[in-house]
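Encoded as structure tokens, the structure appears first; notes follow it.
Just so it is clear, the values below take in all heavy atoms, side chains as well, and ignore hydrogens, waters and symmetry mates.
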Amino acid sequence: MKSAVETLNPTRVRLTVEVPFEELKPSLDAAYKKINQQVTVKGFRQGKIPARVIDQRFGRGAVLEEAVNDALPKFYTEAVNEGELNVLGQPEVDITELKDGELLAFTAEVDIRPALEIPDYSGIEVEVDAVEVSDEDIDKSVEQLRERFATTSPVERGAQDGDVLTLNLEAKVDGEVLEDGVAQGVTYTVGSGELLDGIDEAVTGVEAGGSATFTSELKGGSAEGKESEVTVEVTEVKSRELPALDDDFAQLASEFDTLEELRADSRKRLEQMKKYDQATQAQEKVLDELLKLVEVPMPEKLLEDEIQTRKHNLVNHQLGQMGLDLAKYLEIQGKSEEEFDAETKEQAEKGIKTQFILDELVNKEKLNVSQEELTEHLMRRAQSSGMSPDQFAQAVVEGGQVPMLVGEVARGKALAVVVEAATVKDSNGEVIDLDDEDETAETVEAAEAEGDEKPEA
């Protein structure tokens with residue numbers, strides 16, 4: 001077999017391959033054997049039909065087609081390896097010549113990973129938010145905890161803001177009650193804004209046993225988006241009572257004996273959360289600066305496929321689960337289809353660039369992934385997916401996705417190298433030391449997947 005490589009552009013090549021006919025013999029033998037098992041000819045046992053009879057009855061062309069289809073992947077792979085190409089995606093193959101007994105010739109156009117030059121990145125400098133926890137932050141945290149321990153009790157008065165009501169609802173459109181427009185025993189907190197626009201005003205002041213009617217645009221169901229006349233019946237009114245902020249509350253809601261100890265723990269937890277956010281922010285900003293430093297030729301076919309994959313995942317998975325189509329989603333987002341397409345393309349380009357650059361850094365820095373690092377990463381991915389580690393590991397192995405996980409860990413380590421070399425300061429001018437690779441790996445995953453449009457409920 002002879003092969004030659006023609007560079008069409010920095011991200012695409014054309015392979016020209018010539019195969020002497022004798023090298024097709026194993027595939028020809030396999031083709032005759034396969035056809036032998038699929039057809040019957042009177043006078044011959046199945047599987048024992050001579051090749052000349054198959055040629056006469058079914059045509060030599062059918063055999064050649066079967067043999068070429070079987071042999072092409074092997075010869076293509078040999079040509080790729082001979083040319084030391086790092087190919088991306090599937091090739092576009094064109095058989096240019098097929099002479100029975102003489103020659104098979106074909107071309108294959110395919111995207112390749114572009115060669116990149118990684119410049120010195122030690123001069124990258126970014127600014128992140130300072131870790132500052134105010135007394136107001138602690139008050140809010142404690143108040144949220146206090147809300148969780150609130151109690152309710154029935155009251156004989158009109159509903160007020162913050163009360164918990166039990167409601168029966170009936171929605172009509174054009175005077176007709178909707179089949180899916182009736183609900184009973186609905187629990188609702190006045191002022192939460194969780195049901196329909198206008199319901200808070202309608203129920204305020206209404207006592208148990210009373211009712212009110214108001215007009216609102218339906219947010220879901222068979223008449224979504226239509227104006228509806230909604231009748232709401234209040235069957236119970238309960239007031240919410242928050243526990244007193246004292247040591248007894250601290251003992252009830254935590255392992256601490258005093259409110260002062262509870263507040264101190266809240267401060268500590270908030271500082272840890274802000275430090276995590278600070279680290280993530282630093283890694284994202286460092287990555288953005290790194291992307292600006294490197295010129296990355298974009299493989300057109302790969303980019304097109306990535307854009308289509310992102311659209312497919314959005315429409316058929318994320319939006320589908322919410323009962324939305326793309327048009328409705330864009331309406332909710334206030335975007336035109338042109339704006340959506342432009343954003344999707346930009347996000348797909350960033351994901352591809354991130355992977356190319358970090359993979360190049362993995363090779364440049366000679367970074368390896370240990371079994372322990374892979375296991376830790378798998379555990380995190382399993383937790384975020386809602387699966388047990390064993391279930392997730394089995395799915396990864398069966399799906400042939402182990403190399404993908406190894407790549408994610410390696411790229412996380414590559415970004416960690418860049419972050420370590422960069423200067424990160426907070427908004428107070430203090431230099432920040434970042435050393436958490438777990439967060440770095442998650443930042444890489446987010447950057448590669450950035451722009452997978454996430455519906456907002």
Side-chain angles (χ1 to χ4, degrees), residues 124-153 155 157 159-165 187-195 197 199-201 203-204 237-289 380 383-384 416 419-420 422-443 446-447 454 456-457:
I124 291 177
E125 184 170 330
V126 298
E127 182 181 292
V128 297
D129 296 333
V131 173
E132 296 175 344
V133 177
S134 65
D135 289 341
E136 289 76 12
D137 292 331
I138 298 172
D139 291 342
K140 183 177 179 181
S141 175
V142 173
E143 189 63 25
Q144 289 173 342
L145 182 62
R146 190 182 176 207
E147 291 275 352
R148 289 169 50 190
F149 286 86
T151 58
T152 59
S153 57
V155 292
R157 57 164 172 76
Q160 299 176 0
D161 192 49
D163 285 347
V164 180
L165 311 182
T187 300
Y188 178 68
T189 301
V190 181
S192 66
E194 294 175 350
L195 281 177
D197 293 338
I199 192 170
D200 289 329
E201 293 81 357
V203 299
T204 298
V237 179
K238 290 183 178 180
S239 66
R240 295 176 75 251
E241 298 177 8
L242 297 175
L245 277 177
D246 53 22
D247 292 346
D248 289 338
F249 167 69
Q251 295 167 22
L252 171 69
S254 71
E255 71 272 27
F256 301 105
D257 293 327
T258 67
L259 183 60
E260 183 179 351
E261 290 174 327
L262 174 59
R263 289 179 62 86
D265 181 69
S266 295
R267 179 181 293 276
K268 182 179 178 182
R269 286 188 298 104
L270 288 172
E271 286 177 347
Q272 289 173 339
M273 290 171 60
K274 286 180 178 286
K275 284 181 180 179
Y276 180 89
D277 292 341
Q278 185 188 62
T280 302
Q281 185 184 18
Q283 290 147 8
E284 290 173 351
K285 288 191 172 185
V286 168
L287 177 59
D288 286 341
E289 292 301 312
R380 289 197 305 274
Q383 185 177 18
S384 64
V419 172
E420 185 177 351
T423 300
V424 181
K425 295 182 178 180
D426 66 17
S427 53
N428 295 327
E430 298 291 329
V431 176
I432 306 300
D433 181 27
L434 301 171
D435 58 3
D436 194 332
E437 289 187 8
D438 287 357
E439 291 146 22
T440 310
E442 291 170 11
T443 299
K454 294 180 173 56
E456 298 175 5

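- From D129, atom CG reaches atom CG of N428 across 10.0 Å, with rounding to the nearest 0.5 Å.
- When all heavy atoms are compared, the tightest approach of Y188 to G191 is OH-N, 4.0 Å.
- Of the possible donor and acceptor atoms, one in the side chain of D247 sits under 3.5 Å from a partner among the backbone N and O of L259.
- At least one side-chain heavy atom of L242 sits under 4.5 Å from a side-chain heavy atom of E143.
- Contact detail for S266 and V142: the closest heavy-atom pair is OG-CG2, 4.0 Å.
- If you take CD on E241 and OG1 on T152, they are separated by 8.5 Å, rounding to the nearest 0.5 Å.
- Summarising the geometry, atom CG belonging to D265 is positioned 9.5 Å from atom CG belonging to L270; distances are rounded to the nearest 0.5 Å.
- Put simply, the side chain of Q278 never gets that close to the backbone of A130: no donor and acceptor are under 3.5 Å apart.
- Using a 4.5 Å heavy-atom cutoff, the side chains of R263 and T258 are not in contact.
- In this structure, R267 contributes its side chain and V133 its backbone to a donor-acceptor pair below 3.5 Å.
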**Message:** Under the criterion side-chain contact (heavy atoms from CB on, under 4.5 Å), I'd like the reasoning laid out for K140 against Q144: C-alpha separation, chi angles, the key distance, then a yes or no.
**Reply:** CA-CA 6 Å; K140 183 177 179 181; Q144 289 173 342; 3.8 Å; yes
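- With D163 contributing its side chain and V190 its backbone, the two residues share no donor-acceptor pair below 3.5 Å.
- The closest side-chain heavy-atom distance from D426 to V131 is not below 4.5 Å.
- Around atom CD of Q251, more than 12 heavy atoms belonging to other residues, nucleotides or ligands sit under 6.0 Å away.
- Heavy atoms only, all atoms of each residue included: A244 and F249 are closest at O-CB, 3.2 Å.
- Atom CG of residue D161 and atom OG1 of residue T189 lie 10.0 Å apart, to the nearest 0.5 angstrom.
- Counting only distance, with no hydrogens or angles, the side chain of Y276 and the backbone of E271 share no donor-acceptor pair below 3.5 Å.
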**Message:** S254 vs E261, test: side-chain contact (heavy atoms from CB on, under 4.5 Å). Steps then yes/no.
**Reply:** CA-CA 10 Å; S254 71; E261 290 174 327; over 6 Å; no
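- Here E255 contributes atom CD and L262 contributes atom CG; the two are 8.5 Å apart, rounded to the nearest 0.5 Å.
- G193 approaches D200 most closely through the heavy-atom pair N-OD2, 4.1 Å.
- For the salt bridge (Lys or Arg N to Asp or Glu O under 4.0 Å) test with K425, the passing option among E127, E430, E125 is E125; the others fail.
- With contacts defined as side-chain heavy-atom distances shorter than 4.5 Å, the pair K274/D137 qualifies.
- Put simply, the side chain of E289 never gets that close to the backbone of V126: no donor and acceptor are under 3.5 Å apart.
- The shortest heavy-atom contact between R240 and A150 is NH2-CB, 3.6 Å.
- Considering CG of L252 and CZ of R146, their distance stands at 12.0 Å, rounded to 0.5 Å.
- Partners of E136 under the side-chain hydrogen bond (donor to acceptor under 3.5 Å, both in side chains) rule, at least two apart in sequence or in another chain, are S134.
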